[in-house]
Amino acid sequence: MTAARREDEVMELARRRGFIWAAFEIYGGASGFFDYGPLGAALKRKIESLWREFYTLGEGFYEIETTTIGIRDVFDASGHLECFMDKMVECKKCHSLFRADHVGERCPDCGGEFSEPQDFNLMFKTRIGAVTSVGGKSEAYLRPETAQGMFVNFPRLLRFHRNKLPFGIIQIGRAYRNEISPRQGIIRLREFTLAEAEVFVLPHEKNKHPRFHEVEDVVMRLKPNYMDEEIEITVKEAVERKIIAHEYLGYHMARVQQFLEKIGIPVERLRFRQHEHDEMAHYAEDCWDAEFLSDRFGWVEIVGIADRGDYDLSAHSRKAKVDMSVPVVTGGEEAEGAREGNENLSVFPHVIEPSYGIDRIIYALLESSFYKEEVRGEVRRVLRFKRCVAPVEVAVLPLLNRKELVNKAKEVFQMIRSHGIFAEYDASGSIGRRYRRQDEIGTPYCVTIDYETLENDTVTIRDRDSMKQVRVSIAELPAKLRGDVESMFTFSR
RNA sequence: GCGGCAGUGGUCUAGCGGUAGGACACGGGCCCCCCAAGCCCGUAGCCCGGGUUCGAAUCCCGGCUGCCGCACCA
């Protein structure tokens with residue numbers, strides 16, 4: 001229980017200060033389930049909003065919201081029913097469990113005999129309605145990814161986009177996987193949040209992304225599956241040298257990196273690792289994981305960028321008997337897939353999918369933001385969140401708990417909130433203690449009301465990272481907090 | 001899921017068969033004009049269930065949870 005390691009200390013802080021904790025604690029807990037507290041939920045909400053903006057405003061994608069329960073047909077077609085399933089055998093002697101295809105006739109531990117293989121599916125199964133029979137529409141599953149909701153709605157989405165490709169669809173939501181034994185805290189959860197984009201593109205257009213030039217100079221750290229070491233390379237060069245298969249994949253990998261940097265994941269702790277062929281999910285043609293270098297867990301996947309090919313659309317077309325292929329329009333530029341003289345040619349769009357594990361990103365952010373130093377013999381713990389994700393944007397503090405300062409401080413507090421800035425008020429304990437409280441939850445700025453405030457209506461803004469202060473007038477405070485606060489401290493760091 | 005170890009206020013810990021003590025945090029007060037100072041007061045705990053015993057936080061069994069190793073992580 002001792003929080004000896006720095007990394008464990010972060011999670012201790014997260015629990016203590018209301019970011020995240022084990023679910024069902026009063027009943028002893030349940031492995032693989034966590035709840036977000038007041039600050040964690042705020043942090044998560046901010047990350048999700050930034051993500052949403054990044055893809056809607058940034059890419060012009062629309063967001064949809066589909067059911068978290070899926071009927072059997074969906075996961076039958078998607079392959080999850082079969083491929084998410086492991087045949088498990090149990091040793092009759094020592095009761096160890098093994099995957100049937102990973103093990104021989106006898107238990108490798110004790111040499112005991114195995115039971116008959118039994119199915120273990122990673123999907124949570126449920127039933128629809130008061131039906132007790134097996135099969136049919138009564139059988140349902142909690143989705144293991146949000147993606148299927150976007151695939152099964154493809155015909156309507158295509159019509160919505162007036163039959164024009166490419167287009168992208170995003171979705172943020174919960175997904176569920178009944179892990180055999182989840183560990184590693186919020187790295188492996190049984191219920192978690194995914195933020196996924198499905199980009200539908202004609203196969204012969206995968207190598208010409210209209211905005212590729214905007215990201216072509218982005219330098220990324222790549223670990224291709226046929227190489228033993230990592231290389232640092234621009235996206236442009238990686239695509240030219242076929243290290244990354246095509247522009248669409250390269251473009252979205254670069255965008256993933258840009259998003260992660262934007263919310264404050266240090267780029268030097270990031271790499272993109274290409275899946276080995278035997279490691280690839282059943283639906284993937286190619287897949288690169290954006291991995292975060294954790295002090296605690298080593299390289300951890302936080303985003304997967306997969307080329308799902310036409311796997312899902314063709315599978316649902318077959319199963320549902322609804323043709324989701326699209327006609328290939330041979331316009332001015334000739335299309336590779338379109339053969340001459342064949343006017344009725346149609347193809348299944350391919351899907352490029354960046355899939356973000358929000359909970360893991362939150363862990364990565366907590367771990368990499370955590371900073372500890374000694375100030376005057378006391379430990380100072382700081383979460384160095386970027387302002388765009390900080391749960392509390394500013395704290396308003398009267399220098400002393402005196403009536404005249406408190407009244408003025410409450411006035412300023414209300415004023416700041418009326419400008420749409422989320423603030424916290426705290427008058428309890430010494431000013432130093434209150435600064436430390438805010439440091440620990442990552443509040444970037446503290447506004448302090450002192451006796452000078454009463455004289456000339458100015459307050460100080462204290463910067464979390466430099467602990468420096470500048471004095472501004474109350475009148476210009478909202479504008480400063482909204483706008484160029486950072487610049488007021490950049491030279492003093 | 002298997003094996004080993006462990007679970008005491010919010011956090012960290014002392015106690016290891018006679019009924020819980022500390023530190024920090026938190027709340028109230030005093031003091032205080034800027035980075036967890038000091039003083040006073042207060043709130044708050046033996047993971048859950050069974051058993052052994054006159055008596056269990058302490059010993060035994062089961063469960064849950066966590067850590068380490070193995071397996072699993074489509």
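Everything numeric in this text was worked out from a predicted model, so none of it was measured. We name chains A, B, ... by the order of the sequence lines, and we start the count at 1 in each one.
Between the CG atom of Leu189(A) and the P atom of G66(B) there is a distance of 11 Å, rounded to whole Å. In this entry the distance linking CE of Met467(A) with P of C34(B) reads 16 Å, nearest Å. We find that CD of Glu25(A) is positioned 16 Å from P of G45(B), with the value rounded to whole Å. Between the CZ atom of Arg15(A) and the P atom of A25(B) there is a distance of 19 Å, rounded to whole Å. Remark: P of A25(B) and CZ of Arg381(A) are 11 Å apart, rounded to the nearest angstrom. If you take CZ of Phe24(A) and C1' of G66(B), they are 17 Å apart, rounded to a whole angstrom. In this structure, Asn121(A) places its CG atom 17 Å from P of C72(B), rounding to the nearest Å. Taking atom CD of residue Gln438(A) and atom P of nucleotide A36(B), one finds them 15 Å apart after rounding to whole Å.
If you check the side chains of Thr66(A) and Gln171(A), you find a donor sitting under 3.5 Å from an acceptor. In this structure, a donor-acceptor pair under 3.5 Å is absent between the side chains of Glu285(A) and Tyr311(A).
In this structure, Arg188(A) reaches the bases: a heavy-atom distance under 4.0 Å links it to at least one base atom across the strands shown. Among the atoms of the strands shown, base atoms are found under 4.0 Å from some heavy atom of Gln469(A). Within 4.0 Å of Arg380(A), counting heavy atoms only, lies no atom of the nucleic acid at all. Counting any heavy atom pair closer than 4.0 Å across all strands shown, Thr460(A) reaches a base atom. Residue contacts shown for Ala22(A) are absent, as no nucleic acid heavy atom lies under 4.0 Å away. If you check every strand for non-hydrogen atoms under 4.0 Å, Glu440(A) touches a base. Ser31(A) comes within 4.0 angstrom of sugar-phosphate atoms only, judged by non-hydrogen atoms across all strands, and of no base. Counting any heavy atom pair closer than 4.0 Å across all strands shown, Arg434(A) reaches no nucleic acid atom.
Here, G1(B) and A44(B) have their P atoms 38 Å apart, quoted to the whole Å. Distance noted for atom C1' between C16(B) and C32(B): 45 Å (whole Å). A gap of 31 Å separates the C1' atoms of G62(B) and G21(B), to the nearest Å. C46(B) and G15(B) have their C1' atoms separated by 11 Å, given to the nearest Å. The same atom, P, is picked in A71(B) and in U8(B); the two are 31 Å apart, to the nearest Å. Straight-line distance between the C1' atoms of G42(B) and A14(B): roughly 23 Å, to the nearest whole Å. Of the P atoms belonging to C5(B) and C59(B), the separation is 13 Å, rounded to the nearest Å. The gap from the P atom of U52(B) to that of A56(B) amounts to 11 Å, rounded to the nearest Å.
Distance from the side chain of Glu12(A) is smallest to C12(B) among U65(B), C12(B), C35(B). Closest to the Arg296(A) side chain, of the nucleotides G10(B), C67(B), C32(B), is C67(B). Comparing atom distances between the Glu179(A) side chain and each of U11(B), C33(B), C73(B) picks out C73(B) as nearest. Each of C35(B), C34(B), C68(B) was ranked by its minimum atom distance to the side chain of Val375(A); first place goes to C35(B). For Arg183(A), counting side-chain heavy atoms from C-beta on, the closest listed nucleotide (G3(B), C32(B), C35(B)) is G3(B). In the set A71(B), C68(B), C34(B), A71(B) carries the atom at the smallest distance from any side-chain atom of Ser181(A).
In this structure, Arg402(A) reaches the C32(B) phosphate: one of its side-chain N or O atoms is under 4.0 Å from OP1 or OP2. In terms of phosphate contacts, Ser430(A) brings a side-chain nitrogen or oxygen within less than 4.0 Å of OP1 or OP2 of A37(B). When the side-chain nitrogen and oxygen atoms of Arg433(A) are compared with OP1 and OP2 of A37(B), one or more of them lie within a distance under 4.0 Å.
Here the options are Arg464(A), Arg384(A), Lys372(A), Arg16(A), the test is salt bridge (charged side-chain N to carboxylate O under 4.0 Å, His left out), and the partner is Glu440(A); only Arg16(A) passes.
In this structure G55(B) sits in no base pair that meets the Watson-Crick or G-U test at under 3.5 Å. Checking C2(B) for Watson-Crick or G-U wobble geometry (two distances, each under 3.5 Å) identifies G69(B) as its partner. Taking a pair to require two hydrogen-bonding distances under 3.5 Å in either a Watson-Crick or a G-U wobble arrangement, A14(B) remains unpaired. Using the Watson-Crick or G-U wobble rule with both distances under 3.5 Å, C31(B) pairs with nothing in any strand shown.
Ring geometry, Phe124(A) versus Tyr176(A): the interplanar angle exceeds 60°, so the pair is classed perpendicular (tilted spans 30 to 60°). Relative ring orientation between Tyr356(A) and Phe259(A) is described as perpendicular, the plane-to-plane angle rising above 60° on a 0-90° scale split at 30° and 60°.
Ring pair Phe292(A)/Tyr363(A): centre-to-centre distance not below 6.0 Å.
Taking every heavy atom of both residues into account, Gln148(A) and Asp312(A) meet most closely at NE2-OD1, 3.2 Å. When all heavy atoms of Asp286(A) and Ala245(A) are compared, the pair lying nearest together is OD2-CB, 3.9 Å.
Looking at which nucleotide of RNA chain B each of Pro182(A) and Arg16(A) is closest to, the 5′-most match is held by Arg16(A). Comparing Arg360(A) and Arg190(A) by the nucleotide of RNA chain B that holds the closest heavy atom to each, the one mapping nearer the 5' end is Arg190(A).
The base of C34(B) sits within donor-acceptor range of the side chain of Asp450(A), with an N or O pair under 3.5 Å. In terms of polar N and O atoms assigned as donor or acceptor, the side chain of Tyr435(A) comes within less than 3.5 Å of the base of C34(B) in a complementary pairing.
The main-chain N or O of Ala423(A) is never found under 3.5 Å from a side-chain atom of Arg417(A) such that the two would form a donor-acceptor pair.
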